[in-house]
Amino acid sequence: MSIEVSGGRRGLTDPEIAATILAAIPDQPLETQRKMNYFVTPRGRRLNEYEVLCCYTQPTPDWIPGGLDWGDWTQKFHGGRPSWSNESTELHSTDWHKHRDPAFRWHALYVKDKAEEWRYTDRFLKAYSADGHVRSIDPVWRDEVLGDYLGAFGFSEYGLFNSHSSVVRDCLGDTLRMSSAMIGLDKVDNAQMIQAERTFLAKLVPGFDESTDVPKNEWTKGSIYKGARETVEEIWQGTYDWNEILFSGHMVYDPLFGQFVRREFFLRLSAYYGDNLTPFFINQMQLYHSQTKGITTDMFHTCLADDPEFGDYNKRLLRAWSDKWLPRTVNALKDFMGIFAKIPEIKGVTSKDAIEAALERVFDDWQRDYADPIGYKVDTSALIKTVLSGLK
Amino acid sequence: MAISTATKAATDALAVNRAPVSVGAQEVHRWLQSFTWDFDKNRTKYSTKYKMANDTKEQFKLIAKEYARMESVKDERQFGSLQDVLTRVDAANRVHPKWNESMKVISNFLEVGEYNAIAATGMLWDSATAPEQKNGYLGQVMDEIRHTNQCGYINYYFAKQGQDAAGHNDARRTRAIGPLWKGMKRVFSDGFISGDAVECSINLQLVGEACFTNPLIVAVTEWASANGDEMTPTVFLSIETDELRHMANGYQTVVSIANDEAASKYLNTDLNNAFWTQQKYFTPVLGMMFEYGSHFKVEPWVKTWNRWVYEDWGGIWIGRLGKYGVESPASLRDAKKDAYWAHHDLFLLAYALWPTGFFRLTLPTAEEAEWYEANYPGWYDMYGKVYEEWRARGCEDPSSGFLPLQWFAENNHPIYIDRVSQVPFCPSYSKGASTLRVLEYNGKKHSFSDQWGERMWLSEPERYECQNIFEQYEGRELSEVIAEGHGLRSDGKTLISQPHTNKDGKLWTLDDIKKIGCVFADPLKAL
C-alpha cells in the first residue's frame, strides 16, 4: 500500500494500515522499566502520579542545585543576566526540586476540586436566596461591614495574588513554580468570591451597592486597612527575592492578619449578626489557607529549614525576615482594630476580652506552626498588647 | 433592632418572588478591572521598552472558579478516553514503532515549551498593568501547567503501556545529551523567558503559539493518527483548545502597546527576530519529526508549512495586526527556503549523531525514498545515496563498527553549531540556506549559519554565550558521554537510542560504541 495516506485514515481502525503497523511492532516490549521518572526520589514510599508528571519538568542546569541539565542559558536577558539564577534568592538549597505539594495536586486534581467548589457555590446561593436567609442579616453588618470592609479586604487578597507573578517567573524549581501559581490563583479566587458575595447581596437587597468604589476608597485612603495596604504593597512590588515574597505573604502576613480578618472577624462574628452567607465563602478561603499552609511549610520548613547543608543558614535568614515582616503585620492588625468601633457591640463577642482571646488564638497558632519550627523567639503577649492599642 | 429600608425591600421582594438566584462568572468579572489601585512602587519587575496600556481588556473573560470548571470538563473527557477505551484496545501497542519514537521527542520537547511558558506568562502577568490583561495571562499560567502535565502524561502513558518505554520513561534526564536539545531550549525555554517582557510575549504568543503550535499541536495529530497513535490527538487537541486563549493574549499584548511610541520603533524588529528564532528550529525539526519519524505520511512538510506558517500566520494572522503597524517579518522569505530542505539537512546530522539521542531513528526505506524524491526532486542525489552508503557499511548493525558521524569526517564535511539558534549545520553538505560565518569575540570563535542570527548576536553578543555540545564534549569519548548522560536502558548496557526500529535488528550497547573510539572535537578549533 502507499505510504501516503489521505482522507483522515486512522492507523488504529483502518485494517490495511493497522496490519502494517502490527507487523512492525516488536514481539516483546524492548524495555522492562515502565515507570516514568523512575530516577526521582519519591517523597513517600512510592513515586506518585504528581511526582511523575511534575518533577524535573524544569530544564535546570546542574549549577542550580538539583538540576539535571548542563551548561549555560541559550539566551539571556539584555545585558547578560541569566534566565534563572541562584542569585534570585538569598536562601540556599541543595535541591530546588525537592518541594512537594502535600496534597500531591497536579493541574487536573487542582481544577477538579475548584470546579466542584464552583458548582456547589452555585447550588448553595440558589438555596440561600430561595430560602430568604438574607432577611436575617443585621443591616449595619450587611451594608457597612460586608459592603465596605469585606469589599476592602478583597484588595488585600488581590494584592497578595499579584505578589505571585514574579515568584512564578523567578523561582528555581518546577514543583515550586506549580505550587506558587496554584496558591496565587487561590488568592484571586478569594478576591473574586468577595465580589461575588457583594454582587449576590445586591441582587437580593435593593439598594445594596456592589460597586468596588467605596471598598477601594476604604482600602486606599481609610485608616482600618492602612497598615495592611502598606504591607501588601511592599510584599507585591517592594520585594524582589521570590522566597521572601512567599515567606512574608504566606508565613507571616497571611497567617496573622489574614487569619484574624477571615477567621476571627468575618467568620466568627457573622453568625452573631444573622449572617450565614459570609461563612460559606470564608470557609472556602480557609480551605485554601489550609492547603497553602501545607505547601509553604513544606517549602520553608521541610525543604529549606531542614536542608542538610544550608538548614542553619536558612533558619537564620528566615528569622531575620520574620523580624522584618512581623512588625508590619502587627501594625496592620493594630489598624484593623478600628473596625470594632464601626459595628454594634455584642458583649463577649466584640468586646475587648473577646478580641484579645481571638488574637491569642491567632498568635498562638502562628507561634506553634510558623515561628517555633525555625527557632524564632516571639513574645506574643507583647504583640497582642500592641495590636489591642489600636482599639478605639 | 430597627429594620432597615433595604431589609424591608428585600423582604418585600421575597414575598413576590422566591426564585433561586445565583451569581454568574461574568457578573463578577465585570468588576475585575477595578481590583487594582495606584501606589508608588506599582511597576513591573521586568523592564520593557514598551508601555502596556492601563485599560487593556482580555477576550476570554474568566474568573478562577469558572476557569477550573471549564478545564475540569475537558480533563474528564481526555483522561476518560485515555484510561478507558484506549487502554482497553491496547492502543499504545498499535502505534507504528517509528512514531512511538517520535513521540518521545515531540511530547517531551513540547513539555519544555509549556513548562517555560508558565514562567513566561508569570512575567507578563507582572508586566501588565490592567487587571483584565493580568487575568488573561494568569489563565495562561494555569493552562501551561495543565499542558506540562498533559505532555508528561503522553510519555507516562507510552512508558506504561507501550512497546518501548526507554526514552519515554526518562526523557527529562536523557534529553540533554544530544544535538537537538540546546536549540530546543533556545526556542522553547530561554526565548520565552529571558528578555524584554513584550519581546518574550512576541516569541511565545505571537509566533510560538499563533504560528508554530498549529503544525506542532494540530497537524501532528493527523500524522499521529495515521500511524496508529490516538493518544496524542486525544491530548494535543485538548491542549489546543487552550491555545486560542494564548493567541488572544498575544493579540491583546500588541493591542496594549499599539499606541505606544516604542511600538512603531521596535515592534517589527522584535517580531522579525522572534519569527526567525522560532522558525530556525521548528521548521527543520518539525519537518524531520513528521516525515522521518513516521511510516505513513500525510503530506509533504513543505505543504503543511506553507499552509500554516506562510499563509495562515504570515498572511492572515499578521494581516489582522496590520492596523497596529505590524508587518510580515522580512525573514519570512528565507524561512520559506528552509521549509523545503532544512529538515532533510537536519535529519542527516541527527542520524549521524544517533547515539546521543533518547529515541530510535530509522533510515528511509526504499518506498520512503521514492516518496521523498517525488515530493522533493533532487532528494536522492543529495541524501538518498548517502543513506544507501551508510546502510551498506552496516550503520544499523552493532558489529559493523561504523557510525555515520565518521562519514562526515572522512569526507571533510565538518558539522558546526549555530551560536544563536544552537542548531547544527554542515555548510559543505547542505541543500538548505545555511552558510558558514565565523566571528571572534573575547578570544572565542563563534559560528553562525544565517544573517538573521548573526545580526542578533552582533547587537547583543552577551545574550548568546552558551557553549555547544562540541565545546562541551571536546576531547571526550562518545560512550563516556552517553553513560554520563544516562543514555542506557535498564539493563545498564544497551543504548536507549538506536539507529533502527527493525524488530529483528540487533541493539547497540555501550561496548559497541566504546570499541569505535569516537572522540568529540570542536570544529571551530580547526579554523
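Below, chain A is the first sequence line, B the second, and so on; all start at residue 1.
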- Query: Where is the tightest heavy-atom contact between D126(B) and S165(A), given as atom of each residue plus distance?
  - Reply: OD2-OG, 2.7 Å
- Relative to chain A, which of R186(B), R69(B), E114(B), H29(B) shows the most heavy atom pairs under 4.5 Å? R186(B)
- Query: Got a second to check how far S6(A)'s OG is from F296(B)'s CZ, nearest 0.5 Å?
  - Reply: 12.5 Å
- Message: Side chains of I21(A) and W99(B), heavy atoms from C-beta outward: is any pair under 4.5 Å?
- Response: no
- Nearest non-hydrogen partners of A68(B) and K114(A), listed with the distance: CB-CB, 3.5 Å
- Message: Within the structure provided, determine whether C151(B) and T57(A) are in side-chain contact (heavy-atom separation under 4.5 Å).
- Response: no
- Is the cationic atom of K41(B) (NZ for Lys, CZ for Arg) positioned less than 6.0 Å from the six-membered ring centroid of W236(A) and within 45 degrees of its normal? no
- Which atom pair, heavy atoms only, marks the closest approach of D164(B) to E31(A)? OD1-CB, 3.7 Å
- Query: Tell me, side chain or backbone of S189(B) under 4.5 Å from chain A's heavy atoms, or both, or neither?
  - Reply: side chain
- Task: Output the option from P20(B), G122(B), S194(B) having the highest count of non-hydrogen pairs under 4.5 Å with chain A.
- Result: S194(B)
- Would a distance-only check, ignoring hydrogens and angles, find a side-chain to backbone donor-acceptor pair under 3.5 Å from R177(A) to I145(B)? no
- Query: Is there side-chain contact between S211(A) and W31(B), with heavy atoms separated by less than 4.5 Å?
  - Reply: yes
- Message: Given heavy-atom pairs under 4.5 angstrom as the criterion, report whether the side chain, backbone, both or neither of R10(A) touches chain B.
- Response: both
- Stacked cation flag R173(B) on F39(A), 6.0 angstrom / 45 deg: yes
- Query: Atom CG of D190(B) and atom NZ of K76(A): how far apart are they, to the nearest 0.5 Å?
  - Reply: 9.5 Å
- Could you tell me the separation between the CD1 atom of I193(B) and the CG atom of D170(A), rounded to the nearest 0.5 Å? 9.5 Å
- Task: Return the option, out of E197(A), R123(A), R142(A), with the maximum number of heavy-atom pairs under 4.5 Å with chain B.
- Result: R142(A)
- Task: Identify which one of H168(B), K160(B), R172(B) satisfies the side-chain contact (heavy atoms from CB on, under 4.5 Å) criterion when paired with M36(A).
- Result: R172(B)
- Among side-chain atoms of Y67(B) and D189(A), is any donor-acceptor pair under 3.5 angstrom? no
- Nearest heavy-atom pair of K65(B) and M193(A): which atoms, and what distance? NZ-SD, 3.3 Å
- Message: Within the supplied structure, the quantity of interest is the number of heavy atoms (other residues, nucleotides, ligands) at a distance under 6.0 Å from K221(A) NZ; does it exceed 12?
- Response: no
- Task: Find out whether S166(A) and Y46(B) are in side-chain contact, i.e. whether some heavy atom of one side chain is under 4.5 Å from a heavy atom of the other.
- Result: yes
- Message: Using a 4.5 angstrom heavy-atom cutoff, name the option from Q33(A), M1(A), K216(A), E210(A) with the most pairs to chain B.
- Response: E210(A)
- Task: May I ask you to name which of Q150(B), E370(B), Q422(B), E27(B) has the most heavy-atom pairs under 4.5 Å with chain A?
- Result: E27(B)
- Query: Hey, is NZ on K74(B) packed in by over 12 heavy atoms from elsewhere, all under 6.0 Å?
  - Reply: yes
- Message: Does any part of the side chain of P59(A), heavy atoms only, come nearer than 4.5 Å to the side chain of F188(B), both counted from C-beta?
- Response: no
- Separation of I63(B) CD1 from Q195(A) CD (nearest 0.5 Å): 10.5 Å
- N/O donor-acceptor pair under 3.5 Å between R34(A) side chain and A159(B) backbone: yes
- Query: Considering all heavy atoms of both residues, which atom of I25(A) and which atom of V95(B) are nearest to each other, and what is their separation?
  - Reply: CD1-O, 3.4 Å
- Task: For chain A, find which of A13(B), S47(B), G191(B) contributes the most heavy-atom pairs closer than 4.5 angstrom.
- Result: G191(B)
- Item | Contacting moiety of R43(B), where chain A heavy atoms sit under 4.5 Å | both
- Query: Between H78(A) and E199(B), do the side chains contain an N or O donor and an N or O acceptor separated by less than 3.5 Å?
  - Reply: yes
- Message: Run N375(B) and E4(A) through side-chain contact (heavy atoms from CB on, under 4.5 Å) and show every step you take.
- Response: CA-CA 11 Å; N375(B) 288 292; E4(A) 183 164 322; 4.2 Å; yes
- Note on the structure: From the list S163(A), G154(A), C55(A), G8(A), the residue making the most non-hydrogen contacts under 4.5 Å with chain B is C55(A)
- Query: In terms of heavy-atom pairs under 4.5 Å with chain A, which of K98(B), E71(B), Q163(B), M70(B) leads?
  - Reply: Q163(B)
- Relative to chain B, which segment of Y110(A) carries a heavy atom at a distance below 4.5 Å: side chain, backbone, both, or neither? side chain
- Query: So, do T365(B) and I3(A) sit near enough that their side-chain heavy atoms are less than 4.5 Å apart?
  - Reply: no
- Report the C-alpha distance between E460(B) and F77(A) in whole Å, list the side-chain angles of each, state the deciding distance to 0.1 Å, and finish with yes or no for side-chain contact (heavy atoms from CB on, under 4.5 Å). CA-CA 10 Å; E460(B) 301 175 289; F77(A) 283 92; over 6 Å; no
- Item | Beyond-backbone contact of W125(B) with N162(A), side-chain heavy atoms, under 4.5 angstrom | yes
- From the list K126(A), R229(A), E49(A), E234(A), the residue making the most non-hydrogen contacts under 4.5 Å with chain B is K126(A)
- Query: Between P131(B), A19(B), A171(B), A120(B), which residue shows the highest count of heavy-atom pairs closer than 4.5 Å to chain A?
  - Reply: P131(B)
- E368(B), part contacting chain A, at a heavy-atom distance under 4.5 Å: both
- Message: Is V5(A) in contact with chain B via its backbone, its side chain, both, or neither, using a 4.5 Å heavy-atom distance?
- Response: both
- Between chain B and each of L204(A), D174(A), D143(A), L22(A), count heavy-atom pairs under 4.5 Å; write down the option with the most. D174(A)
- Flag for T74(A)-K185(B): side-chain donor and acceptor within less than 3.5 Å: no
- What are the two closest non-hydrogen atoms of H107(A) and N149(B), and how far apart are they? N-OD1, 2.9 Å
- Message: Does any backbone or side-chain atom of A181(A) lie under 4.5 Å from a heavy atom of chain B? Answer side chain, backbone, both or neither.
- Response: both
- Item | Region of V21(B) in contact with chain A, defined by heavy-atom distances below 4.5 Å | both
- Query: Would you say Q75(A) and F192(B) make side-chain contact, with heavy atoms under 4.5 Å?
  - Reply: no
- Query: Side chain, backbone, both or neither: which part of T239(A) has a non-hydrogen atom closer than 4.5 Å to chain B?
  - Reply: backbone
- Would you check, one step at a time, whether the test side-chain contact (heavy atoms from CB on, under 4.5 Å) holds for L30(A) with R489(B)? CA-CA 9 Å; L30(A) 297 181; R489(B) 290 166 185 265; 3.7 Å; yes
- Flag the one option from T220(A), D113(A), N37(A), T13(A) with the top tally of heavy-atom pairs under 4.5 Å to chain B. N37(A)
- If you measure from CZ on R169(A) to OG1 on T44(B), what distance do you get to the nearest 0.5 Å? 11.0 Å
- Message: For the SG atom of C466(B) and the CH2 atom of W73(A), what is their distance to the nearest 0.5 Å?
- Response: 9.5 Å
- Query: Are side-chain N/O atoms of T199(A) and R30(B) paired as donor and acceptor at under 3.5 Å?
  - Reply: no
- Show the numbers, then the answer: is there a side-chain contact (heavy atoms from CB on, under 4.5 Å) between V168(A) and E144(B)? CA-CA 12 Å; V168(A) 169; E144(B) 307 297 7; over 6 Å; no
